[in-house]
Amino acid sequence: MLSEIKRYSPAYVEERIANWWRENNIIEKVINKNKGAPIFSFLEGPPTVNGFMHIGHTRGRVYKDIVLRYMTMRGLDVWRRAGWDCQGLPTEIEVEKRLNITTKKDLERIGLERFIEEANKVVDYYISQWRSASERLALWLDFDNAYETRREEYMEHVWYLLKKAYDEGNLIESLRVVPYCPRCETPLSQHELAQGYEEVKDPSIYVKMPLEGSDNRYVIIWTTTPWTLPGNEAIAIDPGAEYVELEVDGERWIIAHLLLQKFVEEVGLKKHRKLGVFKGEKLVGMKYVHPLRDEVPAHKSHEGAAHTVVSSEFVSMEEGTGCVHTAPAHGPEDFELGKRNNLPIFCPVSSTGIFTAEGGKYNGLSTRDASKVIIEDLERKKLLVKAGEILHNYPLCWRCGTPLIYLASTQWFLRVEPIKQYMIEGNANVVWWPEWAGTSRFGEWLKNAEDWCISRTKVWGTPLNVWTCQNCGKKRVVGSRAELNEAIEKPNELRMHRPWIDQVVFRCSECGGKMYRVPYVLDTWLDSGVAHIASIDYLRNRELFEKLFPYDFITEAVDQTRGWFYTLLFTSTLLFKKPPFKSVLNQGHVLDEFGKKMSKSRGNVLWAHDAFDRFGVDPVRLYLVSKAEPWSTINFVPSELTQVIEQLNTLWNVFLFAKTYFELDKFNPERHNVESLNKDLKPEDRWLLSKVNTLIKIVTKSLDEREIQDAAREIRRFFIEDLSRTYIRSIRRRVWVEEQTKDKLAAYATLYYALRIVTILLAPFTPYLAEVFFKEIRKADDPESVHMVSWPKPDERYIDEELEDYMDIVQDTLTAVLAGRQKGDRKLRWPVSRIIVSPKTQRAKQALSRYADFLKTLANAQKLELLDINDKPKETMLRVKPDFRRLGPKLGKRLTQVAQLLSSIDGYEVKKELERKGKYSLLLPDKSEVNLESDDLILEEQLPENFVFSEGRFAFVYIDLFETDEIRRMAIANEFIRRIQVMRKEMNLNILDEVDCLIMVQDGEVTEQLKASSEYIEEETRTRLQIHGKHKDIPGDYFGKSWKIGELDVTIALRKPQDNT
RNA sequence: GGGCCGGUGGCUCAGCUUGGUUAGAGCGCUCGGCUGAUAACCGGGAGGUCGCCGGUUCAAAUCCGGCCCGGCCCA
């Protein structure tokens, strides 16, 4: 496949390899490869099968795949069952769209049966989409046996759990405040709530709450929902904040000090006087008279803590009065406050938004109408400070736009207190990547965990398995499908989903009455939350469970902290008092190029299949995981993908290079390997062997620690820096020779060794591409796919850290040489006669001496001289100059003569004298003697004209640019070789083709030089040369071209070989 | 309002655990060079108040405190 296309094409590779995998059942073979070996159990967090896989999902799924492939290659029997989260709100929304349902009436008309059928269709569709996207990603899970949360044998595990919880007293019924749409008559979830915030105009009223025991003292509250006042049971204040008591028209009003000015402006208060400032805690416990006590008589019987000032941490000092109207039945925070303070949870409003009889005067009014009447009543009772209007964000029903109302209603909860401590203790034994996700983020969440509300007024979900006796109220929690057979009434088709399950009726064991199901379905998080048992059919397959539980590894995105990570731990602790997983890898989110969250409304979502089409699966995989630690948020930057593709293309070319020469020389890796050729390995070979074994170490360690980005980056760095840029470049000349030298074979064997390791290490990251490479290097006794190969172990014999260090020194020195060449204007094609290297340290000296040949070749130098540490080349001269500023005053006129004399004197002599005697004596032409001290003189090193100097980190480099005839001849030859090679390439010649070559140069000297090196040129370019000293017409069967080499015009013509020669 | 993570050249990131030469790399820019695996590559150059303020210290990108900004989660 490698030579079929010129350039790495991810799409081409994917298609071929995917077909090959399929035709040869590779996936199945890989999954079953390690049966019987120690188990590595992975629990798949089931994606919600609604919508399509986007790039964020993709990232997480790549991490899963990498870890699973790695563990498989490590020889473990990897449990990798796929799973799909099928139920819940998003699907219901889609079904409603498809069936054109907008109201509850539409739903009744269409019928729940039809609704459920459609939901199943939606799920079927998305599962197929997710599966194909996952398969294209090459995520090798067991899809054929995937678990689905909508299946009855799955849901049965939820029932099992709830029955157990109920029996132990942990499944309870309790009041709770939830947002309702009065028009749709249904509570909405947090999700739905977030979709519907809009700016609306509402009343904004300030109300005087009369304090008991005084006829003119009031606490002032503010609200935008007057209809909630009948539900008022308390006033919340911030005990730490300062409050002020005002005198206004003979009355005393209390508000927060900080909000005084705002309040005065808002209500247009003309005159007031501060009576005193005090801490809020002074107010706590004060009783007040409910402002609508007469209109809503129920308040007369509210006792205990009702109508009291209480303290709260939720008091805002941004708006209002700092004294917060609290209606426990109409706000989640109010509700919490109510529970804490034993307030009545008084809810005189029905789910249709109409006041009930409990609402007294307002009975029968809608919340909207009631608001108006309440304002009038307050006005009349002189309890209204001010009634205005406000524009603010308020949640509306996303379906019908009706303002939502918060109402208290009975919901079902799983109690957290009995298991909280076990969860915290269990979590301490779980390994989290990164650590803070477990200790800080998850740890905090656990500490603050509250009872879990599991009931939903929905359709497409696991039904709540509680039946209540119509007659005596006795409850029955059904724990299995089998139990349904005890029903006295049931539908013809007995299914666990609604509506069928709603028709199941039991006989009450207490009173003989009929028991009907409580019509809730369950939170979908409960579905996925029991995956640790349900995905493997725990109820019927304990043996499997014993083998897999607790799972070795799970990984999902960070937002699952309060989601799946939590629900898994919760249910497992409830059942077994221990966590269901041993380790958790957190994944960060993927943002767009500009760091913005991807969202449909913004239109910046990158879908997985689009990304695969545009960039290819392997590049996307490698990119996503090398960019950052798995748990960091990343920006997806398309231009960075091209870089990955280019790098993989380079690796592709490395393989192509190897393939070309291996085939040319019929290289046999079984016969010639780094063991058998050990004696012939050059330092650069040993270096690469060391590097590649070190690579195994690093990659293995990084994967074990889930520092996946380090593994990916290190592999990329290796094949670009070490393999392509350094090693391949250094062996070009070795492989170009025609004979089968040991030296060439050593290079081949080394290259093969490195390619093999890189291929295997790449397998988890770029599974398609690695398979292509593996086909090129596969030996007879290798498994058929790279994904069945064992993970390599580093061969310590080849690891030589010193050698690796040395190469760094040599490369740095080579860089210095190249910089020096540039300074001296000598292109690399022109040999230089000498480079002189002066190492800075002993280590550098050893390194440079060991790699002297390597350096000499790559620097294109005829000779390499290695000096002692910090020595100067013997050609260095030390020039002596007078310090004019110092000597001027001292010597006057004579300074000119001194300067002249010094210029011709060897500085080393002067230096020696100065060191010995502390002075240097100079005899002037007028016979006078001048004594110079070292401060009088400036000693300056100087190199001969033909030297350039360059400094590296480890050595000083001097390049002797002196050109001999030979150098000029070589340089000219190289100039021609280069051009002939370009032309060969343009003619698309085979590497081995011998061609005829005409060179025409109108320059006697160059002609002579060329003739002298014709053999060298012929050898390098595989040509037969004819050199002409003047220009002639190019024969017709030649491909000719004119070139300029410096000032020189030359013509080169090539002729393809005759077929029969 | 709370929790967690991040802020380092134009862009994307490393370095921070354990304070210590001139803060590195890739991309981009620019000038030059190389090339029979490579639409690749190599070298020179320009480009950084390491978010801000304060503290600890002989010495802070690094440790501590406060603040600002961005992201995520929760309320």
Side-chain angles (χ1 to χ4, degrees), chain A residues 2-3 6-8 190 313-318 332-333 336 434-445 447-448 450 557-563 586 588-591 593-597 623 626-629 631-637 639-640 642-647 649-661 709-710 713 716-717 720-721 723-726 728-729 731-732 735-736 751 811 814-823 825-830 858 860 950 953 974 977-993 1020-1022:
Chain A
L2 209 53
S3 34
K6 281 214 161 140
R7 206 182 136 70
Y8 165 53
Q190 289 297 317
E313 63 272 34
F314 292 117
V315 173
S316 164
M317 289 296 162
E318 307 275 307
E333 286 155 12
E336 286 308 312
E435 208 193 328
W436 55 257
T439 50
S440 306
R441 196 186 270 244
F442 196 59
E444 284 302 313
W445 174 260
K447 266 191 260 166
N448 301 322
E450 289 171 11
V558 285
D559 52 289
Q560 297 303 329
T561 304
R562 54 157 243 305
N586 275 244
H589 289 130
V590 180
L591 307 179
E593 193 174 357
F594 310 102
K596 290 274 174 291
K597 193 176 174 174
Y623 171 70
S626 19
K627 175 132 178 166
E629 296 155 319
W631 43 86
S632 347
T633 307
I634 62 169
N635 297 358
F636 189 95
V637 184
S639 60
E640 290 171 356
T642 52
Q643 200 186 333
V644 177
I645 296 170
E646 285 310 323
Q647 287 191 352
N649 183 48
T650 299
L651 183 58
W652 181 272
N653 286 312
V654 168
F655 272 87
L656 205 55
F657 169 88
K659 184 187 168 79
T660 306
Y661 286 94
Q709 78 290 352
D710 284 344
R713 287 174 184 173
R716 285 170 68 175
R717 195 205 58 74
I720 294 297
E721 301 286 336
L723 193 55
S724 175
R725 290 184 191 166
T726 306
I728 297 275
R729 203 152 59 101
I731 61 166
R732 275 190 184 150
V735 303
W736 186 239
L751 182 58
Q811 285 189 310
L814 178 61
T815 300
V817 172
L818 294 174
R821 274 179 161 277
Q822 188 156 335
K823 254 192 243 172
D825 198 21
R826 283 294 185 287
K827 34 172 117 170
L828 193 51
R829 215 177 279 154
W830 291 63
L858 291 181
N860 195 12
S950 165
R953 272 158 61 220
N974 285 339
I977 287 168
R978 165 73 196 126
R979 285 165 177 80
I980 293 169
Q981 299 288 38
V982 168
M983 290 174 68
R984 283 188 65 115
K985 211 172 172 182
E986 285 172 2
M987 290 168 73
N988 246 332
L989 294 181
N990 194 294
I991 292 182
L992 290 182
D993 288 344
E1020 287 294 314
T1021 59
R1022 309 221 176 180

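Numbered from 1 within each chain, the chains take letters A, B, ... in sequence-line order.
Between B:G51 and B:C34, the distance separating the two P atoms is 42 Å to the nearest Å. Rounded to whole Å, the separation between the C1' atoms of B:G47 and B:U22 comes to 16 Å. As rounded to the nearest Å, B:A46 and B:G2 have C1' atoms that lie 46 Å from one another. For B:G19 and B:A59, the P atoms lie 15 Å apart once the distance is rounded to whole Å. The C1' atoms of B:C5 and B:G45 are separated by 37 Å, rounded to the nearest whole Å. B:G65 sits 12 Å from B:C4 when the P atoms are compared, rounded to a whole Å. As rounded to the nearest Å, B:C74 and B:C29 have C1' atoms that lie 45 Å from one another. Using P as the reference atom, B:U30 and B:G7 are 30 Å apart when rounded to the nearest Å.
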* For the pair A:Arg7 and A:Trp652, evaluate side-chain contact (heavy atoms from CB on, under 4.5 Å) and give the outcome as yes or no after the intermediate values. => CA-CA 8 Å; A:Arg7 206 182 136 70; A:Trp652 181 272; 5.9 Å; no
* **Derivation of the side chain to side chain donor-acceptor pair (under 3.5 Å) call for A:Thr726 and A:Gln811** => CA-CA 9 Å; A:Thr726 306; A:Gln811 285 189 310; 2.7 Å; yes
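When heavy atoms are screened at a 4.0 angstrom cut-off, A:Gln981 is found touching base atoms of the nucleic acid. At the heavy-atom level, A:Phe655 lies nowhere under 4.0 Å from the strands shown.
With rounding to the nearest 0.5 angstrom, the CG atom of A:Leu591 is 8.5 Å from the CD1 atom of A:Ile634. Atom-to-atom distance recorded for A:Tyr661:OH and A:Leu751:CG is 12.0 Å, nearest 0.5 angstrom. Distance OG1/A:Thr1021 to CE/A:Met983: 11.0 Å, rounded to 0.5 Å. Here A:Ser724 contributes atom OG and A:Arg729 contributes atom CZ; the two are 9.0 Å apart, rounded to the nearest 0.5 Å. Rounded to the nearest 0.5 angstrom, A:Arg826 CZ and A:Asn860 CG are separated by 12.0 Å.
Of the candidates B:G3, B:A37, B:C74, the closest approach to any side-chain atom of A:Phe657 belongs to B:A37.
For A:Arg978, there are no salt bridge (Lys or Arg N to Asp or Glu O under 4.0 Å) partners, not counting sequence neighbours. In terms of the side chain to side chain donor-acceptor pair (under 3.5 Å) criterion, residue partners of A:Arg716 (sequence neighbours excluded) are, by chain and number, A:Ser626, A:Gln647. Residues meeting the side chain to side chain donor-acceptor pair (under 3.5 Å) test with A:Ser639, sequence neighbours left out: none.
Between the CH2 atom of A:Trp436 and the P atom of B:C4 there is a distance of 10 Å, rounded to whole Å. In this structure, A:Leu591 atom CG and B:G7 atom P are separated by 15 Å, rounded to whole Å. Rounded to whole Å, atom C1' of B:G70 lies 16 Å from atom NE2 of A:His589. Rounded to an integer number of Å, the gap from A:Arg978 CZ to B:C34 P is 9 Å. The interatomic distance linking A:Gln647 (CD) with B:A25 (P) rounds to 16 Å, in whole Å. Atom P of nucleotide B:A37 and atom CD1 of A:Ile728 are separated by 9 Å, given to the nearest angstrom.
Projected onto RNA chain B by closest heavy-atom contact, A:Thr660 and A:Val558 fall at different nucleotides, the more 5' of which corresponds to A:Thr660. When the nearest nucleotides of RNA chain B are assigned to A:Ser639 and A:Ile980 by heavy-atom distance, the more 5′-ward of the two goes with A:Ser639.
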* Pairing of RNA chain B as dot-bracket, 5' to 3': ( ) intra-strand, [ ] crossing, | other strand, . unpaired, with Watson-Crick or G-U pairs under 3.5 Å? -> (((((((..((((......[...)))).(((((.......))))).....(((((..]....)))))))))))).
* Structure fact -> Expected string for nucleotides 39-47 of chain B under the B/S/- scheme (protein heavy atoms, under 4.0 Å, primed atoms plus P, OP1, OP2 as sugar-phosphate) is SSSSBS---
* Structure fact -> Each nucleotide of nucleotides 10-15 of chain B classed B (base within 4.0 Å of a protein heavy atom), S (only sugar-phosphate) or -, in 5' to 3' order, makes --SSS-
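The backbone N or O of A:Gln643 sits nowhere less than 3.5 Å from a side-chain atom of A:Tyr623 that would complete a donor-acceptor pair. Judged purely by atom type and a 3.5 angstrom limit, A:Glu1020 has no side-chain atom pairing as donor or acceptor with the backbone of A:Gln981. Under the 3.5 Å distance criterion, the side-chain polar atoms of A:Thr660 are matched with a main-chain donor or acceptor of A:Leu656.
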